[in-house]
Amino acid sequence: MSETVKLIVDGREFEYPVIVGSEGERAFDISRLRNETGMITLDSGYGNTGSCCSAITFIDGEKGILRYRGYPIEQLAENSTFVETAYLLLHNELPTADELAVFSRRLNSSSLIHEDMRHFFGAFPNKAHPMGILSTMVASLSAFYPLPDELDLSAEEQFMANLISQVRTIAAFSYKKSIGEPVMYPSIKLKYVENFLNMMFASPVNNYHLDPDIIQAVELFLILHADHEQNCSASTVRMAGSSQANIYSVISAGISALWGPRHGGANQAVIHMLESIHASGGDGREFIARAKQRDSKTRLMGFGHRVYKNFDPRAKILKAACHKLLNKPGISNPLFDIALRLEEAALSDSYFLERNLYPNVDFYSGLILKAIEIPYDMFTVLFAIGRVPGWLSHWREMVHEEGFKISRPRQIYTGAVERNYLPVEQRDKVTR
Ligand code: CMC
């Protein structure tokens with residue numbers, strides 16, 4: 001007999017089935033809870049709530065394990081490319097050589113954005129944050145690439161390619177706008193990452209030298225950011241997508257959620273933190289002391305994770321990549337030394353150890369981006385480019401699930417109980 005959990009509410013016993021995942025995680029399914037008991041569960045921040053079953057990404061936060069479709073992140077980081085990893089996430093299997101060639105060609109031929117959209121960039125103020133531009137422009141793709149009423153598989157493949165490919169073009173165009181240079185168009189001759197770097201850094205009067213080490217570093221960054229199961233932005237994508245909203249607006253919602261400093265925005269915040277420590281001439285001890293004060297708003301950025309209570313495997317890979325890239329002649333970054341010292345200090349401090357706070361993906365990723373001269377404001381944009389295949393995979397998994405429902409949590413109301421409306425002349429501070 002399959003496992004169940006018994007719950008006693010008001011002296012009555014209720015039984016709920018236990019769902020077991022392929023890696024042995026267990027949950028009790030409370031779908032009938034409110035109907036049967038009249039009660040709901042309350043789980044602020046969703047730390048104990050499974051919002052779906054998913055076959056995309058597996059994380060074991062205690063052991064520091066991350067796998068996409070069963071493949072360990074370390075193996076993908078070592079051997080794969082971002083485009084191949086995107087294919088894997090979307091299609092559940094690594095592609096054959098032919099499948100990869102078709103997918104790459106589709107991405108390449110989908111990389112232009114409608115020429116009228118190019119003019120939108122001129123309307124943003126120069127100082128506009130590129131994440132705001134990205135989110136707006138991705139939503140506006142819906143006007144230029146309308147979806148057919150019936151979404152068949154081929155239409156789905158096409159708009160997924162549009163999103164993966166065009167997000168990179170929009171990102172590079174927004175950077176060009178911010179520095180007052182003409183945009184560089186994508187080229188059919190270049191691969192995904194090369195194209196991005198070329199659109200960012202080449203200009204009509206300057207060729208950009210495509211350094212294989214830099215290409216590899218960006219590939220690695222994008223692979224490591226491609227998915228991370230039910231994080232804040234992926235959950236936002238599932239939530240927005242559950243209303244059957246247009247996929248472009250759904251991905252735009254994901255981009256907005258990612259922007260915050262507790263999520264993708266942390267990679268930019270880490271560099272600000274390292275720079276402020278560097279500028280003050282300190283070794284970070286004072287910053288750590290501030291981050292430990294309970295009444296302070298300061299946090300050690302790039303540390304801590306809702307799921308990892310051990311090393312984030314992506315941080316380990318990025319730390320090794322920093323050693324490799326930053327030891328290259330001509331590229332130097334004194335902030336790396338500060339980061340290493342901060343990590344060492346935090347990991348020998350009881351505050352961080354007791355709370356299981358370890359470096360997360362954002363702790364070292366900004367150093368890589370800084371070393372290859374990606375501007376700060378673009379850090380979270382690169383995270384977004386990497387995450388698009390993951391968001392699309394979650395959306396796709398959800399909408400193809402039989403009987404999928406709109407997401408609609410409940411609440412425990414704590415406001416005023418019923419009261420009568422008073423005309424304005426009868427209101428005073430006392431009645432309030
Ligand atoms: N520095 C100092 N204290 C921290 C930190 C930190 N970075 N992170 C958590 N804590 C403390 C927190 O004050 C709390 O202490 P106490 O128990 O005394 O109240 C305890 O650790 C638990 O923190 P929490 O906020 O309840 O944990 P959470 O799981 O809700 O938050 C987090 C996870 C990632 C939002 C948080 O660790 C954080 O704000 N870290 C810094 C921002 C960051 O690096 N974000 C990137 C996350 S990974 C990539 C991504 O998701 O995009």
Side-chain angles (χ1 to χ4, degrees), residues 43-49 57 59 61-62 64-66 73 131 134 221-238 253-274 276-277 284-319 339 342-369 376 378-391 394:
D43 184 19
S44 162
Y46 307 124
N48 306 283
T49 298
T57 288
I59 301 176
E62 273 70 34
I65 292 173
L66 168 63
I73 192 65
M131 280 299 275
L134 190 69
F221 177 95
L222 296 178
I223 292 170
L224 295 182
H225 286 79
D227 192 46
H228 212 233
E229 52 118 303
Q230 311 310 321
N231 56 81
C232 176
S233 57
S235 300
T236 300
V237 162
R238 281 185 180 262
I255 292 169
S256 302
L258 184 74
W259 192 357
R262 290 204 175 175
H263 192 9
N267 58 12
Q268 193 178 346
V270 167
I271 293 293
H272 286 309
M273 171 185 80
L274 296 176
S276 73
I277 294 170
R285 256 180 297 191
E286 188 269 338
F287 192 94
I288 288 188
R290 227 175 332 132
K292 285 161 48 176
Q293 280 164 22
R294 295 206 62 171
D295 52 350
S296 135
K297 288 218 163 72
T298 305
R299 284 191 167 194
L300 186 55
M301 297 311 287
F303 255 73
H305 198 279
R306 172 62 62 82
V307 180
Y308 293 117
K309 300 303 169 198
N310 195 322
F311 267 92
D312 176 339
R314 301 166 302 170
K316 273 191 191 166
I317 297 171
L318 285 167
K319 184 177 174 184
L342 268 184
E343 179 187 332
E344 201 185 329
L347 295 185
S348 51
D349 187 311
S350 58
Y351 174 94
F352 293 90
L353 293 175
E354 278 159 16
R355 290 169 179 76
N356 297 315
L357 302 171
Y358 290 87
N360 60 48
V361 68
D362 294 313
F363 194 65
Y364 288 107
S365 66
L367 288 164
I368 301 248
L369 298 183
Y376 294 165
M378 292 294 289
F379 283 13
T380 316
V381 171
L382 262 94
F383 192 152
I385 296 174
R387 190 52 63 86
V388 169
W391 289 330
H394 283 281

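Because only heavy atoms are used, hydrogens play no part in the values below, and waters and symmetry mates are left out as well, while side chains stay in. Remember, it's 1-based here, ligands and their atoms both numbered in the order they're listed.
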Nearest protein heavy atom with distance in Å, relative to atom 21 (O) of ligand 1: R355 CD, 3.3 Å

Taking all heavy atoms of E62 and all of N310, pick out the closest pair and write down the distance. O-ND2, 2.9 Å

Closest to atom 4 (C) of ligand 1 among L357, I288, D312, L300 (heavy-atom distance): L357

Per-atom filter on ligand 1: closer than 4.0 angstrom to a heavy atom of G264 are 52 (O)

A student checking ligand 1 against F383 at a 4.0 Å heavy-atom cut-off should list atoms 52 (O)

H228 and ligand 1 - part of the residue with a heavy-atom distance under 4.0 Å: neither

In this structure, atom 46 (C) of ligand 1 is nearest to the protein heavy atom D362 OD2, 3.2 Å

Can you sort out which atoms of ligand 1 are near A266, meaning under 4.0 Å from one of its heavy atoms? 43 (C), 44 (O), 45 (N), 46 (C)

Going by heavy-atom distance to atom 25 (O) of ligand 1, choose the closest among H263, R262, M273, R299. R299

OG1 of T298 to CD1 of I288, rounded to nearest 0.5 Å, is 12.0 Å

If you compare N267, V270, N356, N360 by their heavy atoms, the one closest to atom 47 (C) of ligand 1 turns out to be N360

Taking atom 27 (O) of ligand 1 as the reference point, report whether a protein heavy atom occurs under 4.0 Å from it. no

Check N360 against F303 and note the closest heavy-atom contact, atom names and distance. ND2-N, 3.4 Å

Classify the contact between V361 and ligand 1 as side chain, backbone, both or neither, using a heavy-atom distance cut-off of under 4.0 Å. side chain

Does S233 offer a backbone N or O that forms a donor-acceptor pair with the side chain of H263 under 3.5 Å? yes

The one among A346, P359, G304 that brings a heavy atom closest to atom 34 (C) of ligand 1: G304

Heavy-atom contacts with G302 under 4.0 Å: which atoms of ligand 1 show up? List them by number with element. 43 (C), 44 (O)

Which heavy atom in I277 sits nearest to a heavy atom in G284, and how many Å separate them? CG2-N, 3.6 Å

For atom 41 (C) of ligand 1, state which one of F363, F287, F303, F352 supplies the nearest heavy atom. F303

Given K292, Q293, H305, identify the one with the heavy atom nearest to atom 48 (S) of ligand 1. H305

Nearest non-hydrogen protein atom, atom 42 (C) of ligand 1: M301 CE, 3.5 Å

Report yes if some N/O of R306 lies less than 3.5 Å from some N/O of ligand 1; otherwise report no. yes

Is the side chain of S296 donor-acceptor paired with the backbone N or O of K292 at a distance under 3.5 Å, no angle test? no

Rounded to the nearest 0.5 Å, the CD1 atom of I223 sits from the CZ atom of R314 at a distance of 13.5 Å

The closest protein heavy-atom partner of atom 19 (O) of ligand 1 is R294 NH2, 2.8 Å

S235 side-chain N/O to C232 backbone N/O, donor-acceptor pair under 3.5 Å: no

N/O separation below 3.5 Å, Y351 to ligand 1: yes

Which protein heavy atom lies closest to atom 2 (C) of ligand 1, and at what distance to 0.1 Å? A291 O, 3.6 Å

If you count the non-hydrogen atoms of other residues, nucleotides and ligands that lie under 6.0 Å from OH in Y46, is the total more than 12? no

Spacing of CZ belonging to R306 relative to CD1 belonging to I59, to within rounding of 0.5 Å: 12.5 Å

Worked verdict on Y364 versus E343 for side-chain hydrogen bond (donor to acceptor under 3.5 Å, both in side chains): CA-CA 10 Å; Y364 288 107; E343 179 187 332; 2.2 Å; yes

Do H228 and Y308 have ring centres separated by under 6.0 Å? yes

Mark yes when over 12 heavy atoms from residues, nucleotides or ligands other than R290 sit less than 6.0 Å from its CZ; otherwise mark no. yes

T298, any N or O under 3.5 Å of ligand 1 N or O: no

